[in-house]
Amino acid sequence: MIEASDCLYTPCYCEENIYKFIEDYSDEFFELYAVFISNPHQRCVIWHQRLREEPAINPVCWDYHVIAIGKKNSQSLVFDFDTTLPFPCPLQEYVSKCFRPSDPEISQWWLQFAELNGHFFRPIIGLDFLSSFSSDRSHMIDDNGDWKSDPPKYDPIFKPDKGNNLMEFLDFNNSTLPGRWLHYEGFLSFFNINVNC
């Protein structure tokens, strides 16, 4: 089984973490996807993230997040480097706890805010992601020219013929890059998952 400690990881660079994961482990799966998670407002509420204390109760509101989903032995497994859930985590468990939690201690405000903004998913076949994704990391540089968070030690995953296209992957109107945005129910259907919530 793949251990998180065996993988390249840099905080706040989820898209690159997943790119490197797919690059290193695509042969381990029958199917492997990069999955962008966001919404048109880029206010996406996700529980069980390491950034918070008591993460089962207190969520993180990301502008976007990226995970990998691998299919192996008839099971869909989530690889999220920022979750407090197991690595990997069965997809059914991941979606129910991260997007539709039931802990009675969770603030109703957070639940309503999450429902209002919604969760949308853009699954991309792993090899298509490797061939199309390109980023110069400029989104991580603030107005003073400083890094918002220290970058990975390896060179940027930048392809001159693709340009800097991270924001295009997050564009809900973009149809030129691989993958298409799915709402929560469409995402569950895409991976043939049944969650009663």
Does atom CG of D103 have more than 12 heavy-atom neighbours from other groups under 6.0 Å away? yes
Verify whether one side chain among H65 and D80 offers a donor that lies under 3.5 Å from an acceptor in the other. yes
If you compare all heavy atoms of G70 against all heavy atoms of F29, which two are closest, and at what distance to 0.1 Å? CA-CD2, 3.7 Å
Is R122 positioned over the aromatic face of Y64, cation under 6.0 angstrom from the ring centre and no more than 45 degrees off axis? no
Hey, does E93 have a side-chain heavy atom less than 4.5 Å from the side chain of H48? no
T10 versus N17: any side-chain heavy-atom pair under 4.5 Å? yes
Does E23 offer a backbone N or O that forms a donor-acceptor pair with the side chain of S26 under 3.5 Å? no
Does a side-chain heavy-atom distance below 4.5 Å link V78 with P88? no
When you look at CG of D143, are more than 12 heavy atoms from neighbouring residues, nucleotides or ligands closer to it than 6.0 Å? no
On the 0 to 90° scale, with breaks at 30° and 60°, tag the F36-F129 ring pair as parallel, tilted or perpendicular. perpendicular
Heavy atoms from other residues, nucleotides or ligands near CG of D142 exceed 12 (cutoff 6.0 Å): yes
F169 versus I124: any side-chain heavy-atom pair under 4.5 Å? yes
Closer than 3.5 angstrom, by distance alone: can the side chain of N164 be matched with the main-chain N or O of D136 as a donor-acceptor pair? yes
Would one find more than 12 heavy atoms of other residues, nucleotides or ligands at under 6.0 Å from atom CZ of R50? yes
To the nearest 0.5 Å, atom CG of D146 lies from atom CE of M140 at 12.0 Å
Are there over 12 heavy-atom neighbours, none belonging to E185, within less than 6.0 Å of that residue's CD? yes
Is the number of heavy atoms from other residues, nucleotides or ligands under 6.0 Å of Y154 OH greater than 12? yes
Could you tell me whether the side chain of N39 and the main chain of G118 form a donor-acceptor pair under 3.5 Å? yes
Parallel, tilted or perpendicular, judged at 30° and 60°: which one describes the rings of F21 and F79? tilted
Got more than 12 heavy atoms from elsewhere within 6.0 Å of CD, Q75? yes
Using the ring-ring contact (aromatic ring centres under 6.0 Å, His included) definition, which of the options F99, F172, Y33 pairs with F121? F99
